[in-house]
Amino acid sequence: MPKTMHAAVVTAFGKPLELQECAVHLPGPGQILVKTEACGVCHTDLHAAKGDWPLKPTPPFIPGHEAIGIVVALGAGVTIVKEGDRVGVPWLYSACGHCEYCLSAWETVCAEAKFGGYTQNGGFAEYVLADPNYVAHIPKELNPAEAAPLICAGITTYKGIKETEARPGEWIAISGCGGLGHLAIQYAKVMGLHVCAVDIDDGKLAHATRLGADMVINARAQNPGEVLKKAIGGGAHGVLITAPSLPAFKQGIEMTRKRGTCALVGLPPGEFPTPLFDIVANCITIRGSFVGTRIDMAECLQFAAEGKVKADIELQPLASINTIFERLEHGDVPSRVVLDFTDTKSDKIADEARAAKPAVPVHA
Ligand code: NAD
Ligand code: ZN
Ligand code: ZN
């Protein structure tokens with residue numbers, strides 16, 4: 001095992017990430033060490049690096065919660081995975097396993113939950129420590145880069161669609177057609193729903209149509225609630241808001257059918273106004289939805305293993321992380337960027353960056 005690794009580190013909120021040489025920590029009891037093959041870049045990583053949310057990570061930390069890799073070392077007592085297994089290290093890094101939420105398969109809201117790339121160092125690194133009880137088990141049909149977006153963007157939208165309680169033959173509106181949204185459209189189609197895709201970018205909407213959306217609305221040019229209600233006679237039975245933008249939330253409620261459910265998934269910092277009369281008089285449910293549980297993970301990966309859902313990915317080296325963040329911030333990533341750790345070119349660039357800076361320790 002090498003003693004050090006390349007990693008992209010948040011050293012202070014709002015600052016560019018630093019490419020550093022960090023220590024590779026051997027797994028302690030109950031832990032495993034994973035050699036990263038690929039890691040998706042989620043908009044959440046950007047929120048993390050900016051310190052956008054009330055619960056903040058502590059710099060220095062390594063973001064990344066869509067890491068896929070091979071188990072290369074086992075800590076004492078680990079039996080559930082073995083060396084050589086391909087696993088994913090997700091946002092739900094670990095939970096207590098015995099609270100009322102863990103016992104009822106709601107481990108995502110466990111008060112002791114730890115978050116990958118947030119409270120724990122994540123996958124923007126050549127090696128990552130993980131809790132074997134919470135890793136994703138990657139089906140053999142999937143390669144690491146195409147599996148990466150599924151373990152956050154995939155599971156989150158698959159679960160979020162279920163949380164809308166929309167049934168086959170009904171309509172779902174999906175607001176935001178980026179990393180999360182492009183997978184949401186595919187899961188919704190496989191689940192037998194009619195899909196209205198909403199974004200502010202015509203390129204994303206053209207892609208949404210290619211992925212099977214039955215109708216699209218550009219929220220910058222038209223009022224999504226009005227257009228949808230006119231087109232289908234009432235709003236959508238389910239609405240899934242993935243857009244990291246506050247105006248999308250008000251529009252989401254306006255797109256919801258009477259007795260329908262609007263599931264909130266996007267996490268821009270802030271609050272949005274809730275039109276009480278409309279929500280009460282139309283018996284609308286507003287529901288938060290946070291990633292998914294381990295059983296949701298297995299289910300969402302299985303759809304992809306069967307070829308029914310496929311992430312659209314752009315491979316990039318770790319060294320381009322700051323350019324990727326800038327593009328993500330400006331809506332310039334078509335679907336999902338995945339960091340490719342099998343790209344030796346990226347090692348060379350990172351080596352050069354490393355040579356220019358002294359090694360700085362990062363907490364485990
Ligand atoms: P992304 O940047 O890849 O995609 C966002 C999309 O929203 C883009 O296509 C953009 O054009 C579109 N958009 C922006 N403003 C819009 C508006 N007003 N109306 C409609 N569309 C709009 O981001 P992503 O990786 O898909 O993440 C999206 C959000 O979901 C982030 O806030 C992220 O933190 C959050 N997230 C939440 C969970 C969860 O568990 N709830 C999990 C993962 C990500
Ligand atoms: Zn994510
Ligand atoms: Zn718990």
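Each ligand, and each atom within it, is numbered from 1 in the order the structure gives.
- By the 30° and 60° cut-offs, the orientation of the rings of F303 relative to Y187 is perpendicular.
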- side-chain hydrogen bond (donor to acceptor under 3.5 Å, both in side chains) evaluation trace for E126 with T36: CA-CA 5 Å; E126 289 170 313; T36 315; over 6 Å; no
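- Taking any N or O of F290, backbone or side chain, none lies under 3.5 Å from an N or O belonging to ligand 1.
- Among C152, G203, A48, the residue whose heavy atom sits closest to atom 43 (C) of ligand 1 is C152.
- At under 3.5 Å, not a single nitrogen or oxygen of L264, backbone or side chain, sits near a nitrogen or oxygen of ligand 1.
- Draw a line from the Zn ion (ligand 2) to SG of C152 and another to SG of C42, and the angle between them is 130° (to 10°).
- Atom numbering of ligand 1 starts at 1 in the shown order; those under 4.0 Å from a heavy atom of V291 are 39 (C), 40 (O).
- Of the N or O atoms in T44, one or more lie within a sub-3.5 Å distance of an N or O in ligand 1.
- Under 4.0 angstrom from ligand 1, the non-hydrogen atoms of S289 all belong to its backbone.
- The option with the heavy atom closest to atom 26 (O) of ligand 1, from among L180, L46, L205, is L180.
- The shortest N/O to N/O separation between A243 and ligand 1 does not fall below 3.5 Å.
- Put simply, the angle at the Zn ion (ligand 3) from SG in C96 to SG in C110 is close to 100°, to the nearest 10°.
- Nearest to atom 6 (C) of ligand 1 among the protein's heavy atoms is G178 N, 3.8 Å.
- In terms of polar-atom proximity, D199 is counted as a contact of ligand 1, with an N or O under 3.5 Å from an N or O of the ligand.
- Separation of the H194 and W171 ring centroids falls under the 6.0 Å cut-off.
- The hydrophobic cluster containing M191 also contains I185, counting ILVMFWY residues as joined when their side-chain heavy atoms lie under 4.5 angstrom apart, directly or transitively.
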- Item | Test side-chain contact (heavy atoms from CB on, under 4.5 Å) applied to L74 and E83, step by step | CA-CA 7 Å; L74 306 178; E83 279 183 34; 4.2 Å; yes
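- Without hydrogens or angle criteria, S104 side chain to E100 main chain gives a donor-acceptor distance under 3.5 Å.
- Taking every non-hydrogen atom of W53 and a distance limit under 4.0 Å, the qualifying atoms of ligand 1 come out as 34 (O).
- Scanning the protein for heavy atoms near atom 14 (C) of ligand 1, the closest one is I200 CD1, 3.7 Å.
- Closest protein heavy atom to atom 3 (O) of ligand 1: G179 N, 2.9 Å.
- Of all the atoms in ligand 1, the ones that sit under 4.0 Å from a non-hydrogen atom of K204 are 8 (C), 9 (O), 11 (O).
- When each atom of ligand 1 is checked for a heavy atom of S175 under 4.0 Å away, the hits are 20 (C).
- Regarding atom 37 (C) of ligand 1, its nearest protein heavy-atom neighbour is V265 O, 3.0 Å.
- Of the protein's heavy atoms, T242 O, 3.0 Å lies nearest to atom 28 (C) of ligand 1.
- Given atom 39 (C) of ligand 1, the protein heavy atom at minimum distance is T156 CG2, 3.5 Å.
- Open room surrounds NZ on K250; 12 or fewer heavy atoms of other groups in view lie less than 6.0 Å from it.
- D214 places a side-chain N or O within 3.5 Å of a backbone atom of V195 that can act as its donor or acceptor partner.
- Less than 4.0 angstrom separates some heavy atom of C177 from each of these atoms of ligand 1: 9 (O).
- One distance of note links SG of C196 with CD1 of I217; it measures 3.5 Å at 0.5 Å rounding.
- Scanning the protein for heavy atoms near atom 31 (C) of ligand 1, the closest one is H47 NE2, 3.5 Å.
- Annotation: A219 places no N or O atom under 3.5 Å from an N or O atom of ligand 1; distance criterion only.
- A side-chain contact (heavy atoms from CB on, under 4.5 Å) with L328 is found for one member of V41, V337, T323 and no other, namely V41.
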- Given E226 and Q222, is the side-chain hydrogen bond (donor to acceptor under 3.5 Å, both in side chains) satisfied, shown in steps? CA-CA 8 Å; E226 276 174 21; Q222 291 179 295; over 6 Å; no
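- Listed by number with element, the atoms of ligand 1 under 4.0 angstrom from any heavy atom of S245 are 15 (N), 16 (C), 17 (C), 18 (N).
- Side-chain atoms of K56 come within 3.5 Å of backbone atoms of W53 as a donor-acceptor pair (strictly under, hydrogens ignored).
- For ligand 1, the polar-atom distance check finds an N/O of R336 within less than 3.5 Å of one of the ligand's N/O atoms.
- Using cut-offs of 30° and 60° on the angle between ring planes, the pair H65 and W91 is perpendicular.
- In terms of modelled atom types and a separation under 3.5 Å, the side chain of R257 and the main chain of G235 share a donor-acceptor contact.
- Between Y118 and F115, the ring planes are perpendicular. Angles over 60° get that label, and only those under 30° would be called parallel.
- By the 3.5 Å distance cut-off applied to N or O atoms, P244 is not counted among the residues near ligand 1.
- Paired with R336 under the rule side-chain hydrogen bond (donor to acceptor under 3.5 Å, both in side chains), one option of E314, H182, E66 passes, and it is E66.
- In the vicinity of C42, heavy-atom distances shorter than 4.0 Å reach the ligand 1 atoms 25 (O), 43 (C), 44 (C).
- Checking H65 against the Zn ion (ligand 2), an N/O/S atom falls under the 2.8 Å cut-off.
- Other residues, nucleotides and ligands contribute only 12 or fewer heavy atoms inside 6.0 Å of the CZ atom of R259.
- Annotation for ligand 1: atoms under 4.0 Å from non-hydrogen atoms of H43 are 1 (P), 2 (O), 23 (O), 24 (P), 25 (O), 27 (O), 31 (C).
- Rounding to 10°, one obtains 110° for the angle at the Zn ion (ligand 3) between SG (C99) and SG (C102).
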